[in-house]
Amino acid sequence: MSVVSLLGVKVVNNPAKFTDKYEFEITFECLEALEKDVADLEWKLTYVGSATSDQYDQELDSLLVGPVPVGVNKFLFEADAPNTSRIPDADILGVTVVLLTCAYDGREFVRVGYYVNNEYDSDELNAEPPVKPVIERVKRNVLAEKPRVTRFAIKWDSEASAPAEFPPEQPEADLVADGEEYGADEADEDAAEQGSQGEGAAKVPGEDAEMAGVEREHENGDNGQEEEDMSDDGSVDIEGESEDELEEEEGEGVDDDAMEVDEAEKRAGVSAAKSIFVAS
């Protein structure tokens, strides 16, 4: 049982300029008192700079929240925009991912992933983008309505709270979500959609593409392998969205699902998302 439950995340300033700060209003519940010496929760925001290498990932900011009282808590997390000098010019525009994570005593117990679309603020520049990106004309749009949430079973303050294996292998992480928790509703919706399609339903290329099982571009160019919804650790990958959906959906991130984006998967996810946007 998790001592701290994430109840909701609201993207405050969305859409915004590329250079604007990220602002997240985070609501969580603490179910029991945490030990005073390690009572802080560490929140981090990471920007995925490229689909091909993690060397371009940037930790935009981190924040210690505590001591945490029992009950519902809310705070505003602000993080600076990414440093464009650390991002390849070819990867500034297009689709990427930001990851909001929280850890207790160095152990991550929840992760929220969002798609982010970066494009120019005018049709003319989007139609004929300059060779050198004009950063001050780039705007971002976080797909706030489609977060993907993963929870991890961790040891809290007592040995009794530790998983059977510690650090745990988590093949069933968040497969059964609490209906009260952030990330529970969308899993039910996805299951209903899959059931209505039937086993023989044909998948349309470029629509709602699954990211699980997608290889990194520089490691394997074979796209003929069957993709699986669930990765080895039991997490569900961020699903590709169409460009129209990304432009239309703004505001609070309340729609949820179980998802883990690890170092390889998040890059594969960005790569797949970019291909979707190019196809559309």
Side-chain angles (χ1 to χ4, degrees), residues 1-12 22-48 54 57-80 97-114 147-184 187 231-236 238 253-254 256-263 265-266:
M1 174 181 173
S2 179
V3 175
V4 176
S5 297
L6 181 63
L7 300 182
V9 180
K10 176 182 178 182
V11 184
V12 177
Y22 285 85
E23 297 181 15
F24 296 90
E25 184 181 87
I26 300 171
T27 306
F28 65 92
E29 183 177 15
C30 183
L31 301 179
E32 61 185 60
L34 302 174
E35 291 184 358
K36 293 183 179 179
D37 56 341
V38 290
D40 289 347
L41 301 178
E42 184 179 18
W43 297 83
K44 292 182 181 180
L45 185 66
T46 302
Y47 183 90
V48 178
D54 61 1
D57 288 4
Q58 297 183 45
E59 183 181 306
L60 301 184
D61 207 345
S62 62
L63 177 68
L64 293 177
V65 176
V68 179
V70 174
V72 176
N73 301 270
K74 182 185 293 186
F75 70 99
L76 184 66
F77 181 23
E78 296 184 350
D80 290 333
V97 169
V98 290
L99 299 173
L100 178 65
T101 63
C102 188
Y104 176 70
D105 195 23
R107 297 184 283 273
E108 181 181 327
F109 64 90
V110 68
R111 180 181 299 187
V112 185
Y114 292 97
R148 291 295 183 269
V149 182
T150 301
R151 297 176 186 83
F152 306 94
I154 67 167
K155 173 186 174 183
W156 291 88
D157 290 331
S158 65
E159 292 297 332
S161 69
E165 298 181 19
F166 183 77
E169 296 290 337
Q170 301 193 65
E172 299 180 356
D174 205 27
L175 290 183
V176 181
D178 187 337
E180 297 294 325
E181 291 184 328
Y182 185 71
S231 61
D232 292 338
D233 58 3
S235 63
V236 178
I238 299 179
V254 182
D256 327 299
D257 195 4
M259 181 282 296
E260 178 182 3
V261 183
D262 62 19
E263 291 302 321
E265 289 174 324
K266 66 187 178 185

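In this text, all values refer to a predicted model and were calculated from it rather than measured experimentally.
Taking each heavy atom of C30 and P69 in turn, the nearest pair found is CB-O, 3.5 Å. Across all their heavy atoms, F24 and L45 have their closest contact at CE1-CD2, 3.6 Å. Between V98 and Y22, the shortest heavy-atom distance links the atoms CG1-OH, 4.1 Å. Shortest non-hydrogen contact noted between F28 and V65 is CZ-CG1, 4.4 Å. Considering every non-hydrogen atom in both R107 and I154, the closest pair reads O-CD1, 3.8 Å. Taking every heavy atom of both residues into account, P67 and D40 meet most closely at N-OD1, 3.9 Å.
Taking 4.5 Å as the limit, some side-chain heavy atom of D157 sits within range of a side-chain heavy atom of Y104. Put simply, the side chain of D61 does not reach to within 4.5 Å of the side chain of L63, judged on heavy atoms. Side-chain contact between T101 and T46 is absent, with no heavy atoms from C-beta onward closer than 4.5 Å. Side-chain contact between V68 and V4 is absent, with no heavy-atom pair separated by less than 4.5 Å. Contact check for F109 versus L41: side-chain heavy atoms found under the 4.5 Å cut-off. The side-chain heavy atoms of S2 and F152, taken from C-beta on, include no pair separated by under 4.5 Å.
If you take CD1 on I26 and CG on L76, they are separated by 8.5 Å, rounding to the nearest 0.5 Å. For the atom pair CD (E59) and CG (D80), the distance works out to 12.0 Å, reported to the nearest 0.5 Å.
Formation of a donor-acceptor pair under 3.5 Å by the R111 side chain with backbone atoms of L99 is not found in this model.
Using cut-offs of 30° and 60° for the angle between ring planes, the F75 and F77 rings count as tilted.
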